[in-house]
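The figures here come from the full heavy-atom set of this structure, side chains too, leaving out hydrogens, waters and symmetry mates. A, B, ... follow the sequence lines: proteins, then strands. Residue 1 opens every chain.
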2 protein chains.
Amino acid sequence: MKAGTDLAQIASLVGDPARANMLAALMGGTALTASELAMEAGVTLPTASAHLARLSDGGLLRMTRQGRHRYYALADHQVAAMLESIMGVAAALGPRKVLPGPRDTAMREARICYDHLAGEAGVAMFDAFAGRGLIAIDGDDVNLTDKGAGFFSGFGLDIEAMRGKRRPVCRSCLDWSVRRSHLAGSLGAGMLDRFIALKWARREKNSRVIRFTPPGRAAFEKMLRADEGRTGA
Amino acid sequence: MKAGTDLAQIASLVGDPARANMLAALMGGTALTASELAMEAGVTLPTASAHLARLSDGGLLRMTRQGRHRYYALADHQVAAMLESIMGVAAALGPRKVLPGPRDTAMREARICYDHLAGEAGVAMFDAFAGRGLIAIDGDDVNLTDKGAGFFSGFGLDIEAMRGKRRPVCRSCLDWSVRRSHLAGSLGAGMLDRFIALKWARREKNSRVIRFTPPGRAAFEKMLRADEGRTGA
DNA sequence: TTCATAGTTCGATGCTAACCAAAGTATGAA
DNA sequence: TTCATACTTTGGTTAGCATCGAACTATGAA
């Protein structure tokens with residue numbers, strides 16, 4: 001009985017269209033202001049404000065004030081993973097659109113999942129790193145190997161800084177589009193940042209789609225295959 | 001915008017206390033009749049009937065008629081996994097009860113997750129099998145090895161029959177209590193069945209808790225450690 | 001200070017949906 | 001056929017909550 005109550009409490013927070021749209025927007029990973037989220041949800045500011053208060057009270061959102069702005073973001077990765085899993089069920093049993101539009105295809109290929117790369121590209125990267133021994137998989141735990149630390153440092157990531165943080169460096173995250181794991185954690189986030197900094201890929205405006213440039217895609221795939229694909233800076 | 005709508009649609013189905021209690025009850029893995037679910041949710045039969053219709057229409061439940069009974073069960077494993085992930089968020093940010101009661105402790109140790117073993121025991125089993133090369137982990141894919149096929153057949157499972165079904169033999173399922181994977185799929189379900197048949201463990205009445213008997217626990221742990229722990233029948 | 005922007009709080013409205021009782025349908029047993 | 005059980009449908013009530021406009025607070029800029 002109690003399990004059901006907890007379940008309902010969390011689910012009902014997600015179960016309102018306005019709130020769900022806000023949460024979906026925040027799956028993009030960037031923190032957004034109350035006004036932006038109001039736009040996103042298609043409601044007025046007062047309404048949005050009330051929703052945001054409920055989501056924050058419920059523990060799904062984290063808020064930081066900056067001047068006269070209030071930036072809202074998903075509370076943590078567990079919340080993001082939960083939303084992905086709900087989206088997964090929705091996608092599985094709601095192929096209302098027969099043909100997956102170009103947008104959906106792009107989402108399946110590469111998208112942002114909170115702050116790291118997901119979709120086929122994300123899964124391919126995860127598998128490649130594991131296969132080359134850059135990360136070690138033990139059950140659901142994923143750990144950086146010595147070899148991996150060297151490689152990723154060479155790629156431009158500050159591994160030491162990542163280790164200092166509370167957030168795990170490596171984590172696997174289940175992918176609804178392919179039902180396999182991809183790389184999350186600060187390493188996953190860092191890699192995506194690098195891809196964008198290197199102009200291998202860019203985020204599509206107002207969407208979670210990640211678009212690789214043709215040369216970026218080539219460089220990305222070369223990197224997956226072998227060490228000489230490294231592009232130091 | 002569309003993503004949010006889908007999200008809300010599914011989440012709102014779970015977001016009602018009566019429905020959530022029904023779903024939580026069905027996480028036990030056994031199919032239940034409409035009357036039983038009405039009891040579970042604390043509502044009258046007509047109300048329950050309406051809820052069950054909505055859950056079925058929404059694709060979260062599967063119904064089979066048997067005489068004048070209607071048995072309801074979760075639609076598939078993806079739905080079960082989604083519910084676990086929502087429960088995970090609820091558990092993480094809702095430690096309203098400061099002390100985890102004995103019930104919660106037992107749930108963390110060993111519980112049923114739809115039809116297979118979860119909790120610390122489930123995770124330990126998953127890790128042990130992986131460590132001994134009985135299953136091979138590749139990203140989120142889990143596959144039975146030849147060595148594993150031999151071992152599990154010796155343990156009393158009909159591996160060939162499992163391979164004939166559409167359901168995957170091995171699958172990993174993320175565990176909210178320990179944040180690691182445990183073994184799902186028909187192999188996971190089959191193992192739990194064996195444990196119960198061997199009287200190593202039994203299901204606690206009206207709960208998802210799995211209780212190991214003292215000799216059962218010992219046999220279970222011996223099995224995890226080495227091949228000679230095998231208890232053919 | 002004064003004005004503007006960002007956000008919250010308040011009060012009122014209206015819609016949705018959860019709920020139950022009673023009547024209706026279907027299946028099985030006598 | 002008749003009765004009982006299991007469930008669904010219908011109709012009507014009620015409660016919750018999403019929504020908005022208007023007033024209020026707080027931060028920053030002129």
Side-chain angles (χ1 to χ4, degrees), chain A residues 1 4-26 30-75, chain B residues 1-26 30-73:
Chain A
M1 188 83 182
T5 312
D6 292 351
L7 201 58
Q9 222 155 27
I10 301 297
S12 68
L13 285 176
V14 187
D16 172 82
R19 284 194 295 267
N21 278 308
M22 292 175 174
L23 292 169
L26 290 172
T30 49
L32 298 170
T33 64
S35 322
E36 288 169 323
L37 288 166
M39 284 288 296
E40 199 70 42
V43 293
T44 61
L45 240 181
T47 305
S49 181
H51 284 308
L52 291 169
R54 291 193 56 179
L55 288 170
S56 300
D57 286 351
L60 262 47
L61 256 41
R62 182 167 41 78
M63 189 261 286
T64 58
R65 348 169 72 105
Q66 219 164 98
R68 51 184 162 181
H69 293 277
R70 273 152 195 231
Y71 281 93
Y72 290 88
L74 298 184
Chain B
M1 190 82 185
K2 188 183 158 297
T5 311
D6 292 352
L7 200 58
Q9 221 154 28
I10 300 297
S12 68
L13 286 175
V14 188
D16 172 80
R19 285 193 294 267
N21 276 309
M22 293 176 174
L23 292 169
L26 291 172
T30 51
L32 298 170
T33 64
S35 322
E36 288 170 320
L37 288 166
M39 285 288 296
E40 200 70 42
V43 294
T44 59
L45 240 180
T47 305
S49 183
H51 283 308
L52 290 169
R54 289 193 55 180
L55 288 171
S56 300
D57 287 352
L60 262 46
L61 294 186
R62 184 169 37 80
M63 189 260 287
T64 58
R65 349 168 71 103
Q66 218 163 96
R68 51 184 160 181
H69 293 276
R70 271 152 198 234
Y71 283 93
Y72 290 89

Which part of the nucleic acid, if any, lies within contact of Y71(A), taking any heavy atom under 4.0 Å across all strands shown: a base, the sugar-phosphate backbone alone, or nothing?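 Result for Y71(A) = nothing.
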
Distance check needed: [N] [atom2] versus [X] [atom1], whole Å only.
X: L32(B); N: dA6(D); atom1: CG; atom2: P; answer: 15 Å
X: D57(A); N: dT8(C); atom1: CG; atom2: P; answer: 12 Å
X: H69(A); N: dA29(D); atom1: NE2; atom2: C1'; answer: 13 Å
X: Y72(A); N: dA6(C); atom1: OH; atom2: P; answer: 14 Å
X: L13(B); N: dA18(C); atom1: CG; atom2: C1'; answer: 14 Å
X: L37(A); N: dA6(C); atom1: CG; atom2: C1'; answer: 13 Å
X: M63(B); N: dA26(C); atom1: CE; atom2: P; answer: 14 Å
X: R68(A); N: dT27(D); atom1: CZ; atom2: P; answer: 11 Å

How would you list, by chain and number, every residue that makes a side chain to side chain donor-acceptor pair (under 3.5 Å) with [X], sequence neighbours excluded?
X: S35(B); result: none
X: T33(A); result: E36(A)
X: T47(B); result: T44(B)

Measuring from the side chain of A34(A) (C-beta onward, heavy atoms only), which nucleotide among dG28(D), dC7(D), dT8(C) has the closest atom?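 The closest nucleotide is dT8(C).
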
Could you work out which one of dT8(D), dA4(D), dT8(C) sits closest to the side chain of S49(B)?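 Comparing dT8(D), dA4(D), dT8(C) against the side chain of S49(B), the answer is dT8(D).
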
Main-chain N/O of R19(B) paired to R54(B) side chain as donor or acceptor, under 3.5 Å: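 Not a single qualifying donor-acceptor pair exists.
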
With no hydrogens and no angle check, is any side-chain donor or acceptor of S12(B) less than 3.5 Å from a backbone partner on A8(B)?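 Judged by distance alone, yes, a pair lies under 3.5 Å.
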
Please encode protein proximity along nucleotides 16-21 of chain D as a string of B, S and -, counting only heavy-atom distances under 4.0 Å. -SSSBB

If the condition is side chain to side chain contact (heavy atoms under 4.5 Å, CB included), which residues does A73(A) pass it with, not counting sequence neighbours?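 A73(A): side chain to side chain contact (heavy atoms under 4.5 Å, CB included) contacts with A31(A), R62(A).
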
A25(A): what forms a side chain to side chain contact (heavy atoms under 4.5 Å, CB included) with it, not counting sequence neighbours?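 Side chain to side chain contact (heavy atoms under 4.5 Å, CB included) check on A25(A) returns L32(A), L37(A), E40(A).
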
